[in-house]
Each structure stands twice: as structure tokens, then as C-alpha cells.
Amino acid sequence: KKVLKQLFQQTVYGYLTQLRLDKAYLLLQEGELTASEIAYQLGYSSPQHFHTAFKKKFGAPPKSILKQ
């Protein structure tokens, strides 16, 4: 844990959350899954929890990234 924090300047949980949200962004851009499907696929307990975390990181809700 200490090495990871030194390398990435964040906790293990923070690093894993970042990876999940980055993956979510890519999946949303592909446009094949809904935001709710992505939330469950990436292990979020609810779409609302995913929405909150996504908006906090990217400054926009997941649906604004969905490929039109």
C-alpha cells in the first residue's frame, strides 16, 4: 500500500476508483451500454452511486458522455 501511494499519490481505493471511472468513460463513449448497465458491470452498488462518483471526477453526468 505504501509503495502504491508513493507512486500514484493516492490510496489503493482511490486508484481503483480512478481505474473504474476511466473504464466507465470509455464504455460510455462506445455507446453500446446504458449508464446503469455500466455501473453494475463495474461493481457499483447502484446507478446513483456511480452517477455521483462520475460527476465528481469528470464534472458532468454519465449520460452527457453517451455516444449519440
Side-chain angles (χ1 to χ4, degrees):
K1 290 192 299 187
K2 289 180 183 180
V3 172
L4 187 101
K5 188 159 184 161
Q6 288 173 346
L7 289 174
F8 298 106
Q9 288 77 45
Q10 57 187 348
T11 64
V12 172
Y13 177 77
Y15 180 71
L16 292 174
T17 299
Q18 177 184 327
L19 289 177
R20 285 171 37 180
L21 290 172
D22 290 343
K23 177 70 175 176
Y25 191 95
L26 293 174
L27 290 170
L28 287 165
Q29 285 186 316
E30 289 176 5
E32 295 179 17
L33 300 171
T34 67
S36 294
E37 290 170 331
I38 292 169
Y40 289 121
Q41 183 178 7
L42 294 178
Y44 283 90
S45 58
S46 71
Q48 293 81 10
H49 185 234
F50 168 67
H51 180 276
T52 301
F54 191 92
K55 190 171 181 181
K56 183 177 179 182
K57 177 172 173 63
F58 295 108
K63 290 186 180 195
S64 70
I65 308 301
L66 281 170
K67 186 176 180 180
Q68 302 279 331

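Values below: every heavy atom of this structure, side chains too, minus hydrogens, waters and symmetry copies.
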Contacts of K5 that satisfy side chain to side chain contact (heavy atoms under 4.5 Å, CB included) - sequence neighbours left out: T11

Closest approach of Q41 to L33 (non-hydrogen atoms, all atoms of both residues): OE1-CD1, 3.0 Å

From L28 atom CG to K63 atom NZ, the distance as rounded to the nearest 0.5 Å: 10.5 Å

Test ring-ring contact (aromatic ring centres under 6.0 Å, His included) applied to F50 and Y40, Y25, Y44, the passing residue: Y44

Spacing of S36 atom OG and H51 atom NE2 [to the nearest 0.5 Å]: 10.0 Å

ILVMFWY network linking V3 to L16, side-chain heavy atoms under 4.5 angstrom: yes

Sequence-distant partners of K57, side chain to side chain contact (heavy atoms under 4.5 Å, CB included), two or more places apart: Q18, L21, D22

Separation of L26 CG from I65 CD1 (nearest 0.5 Å): 11.0 Å

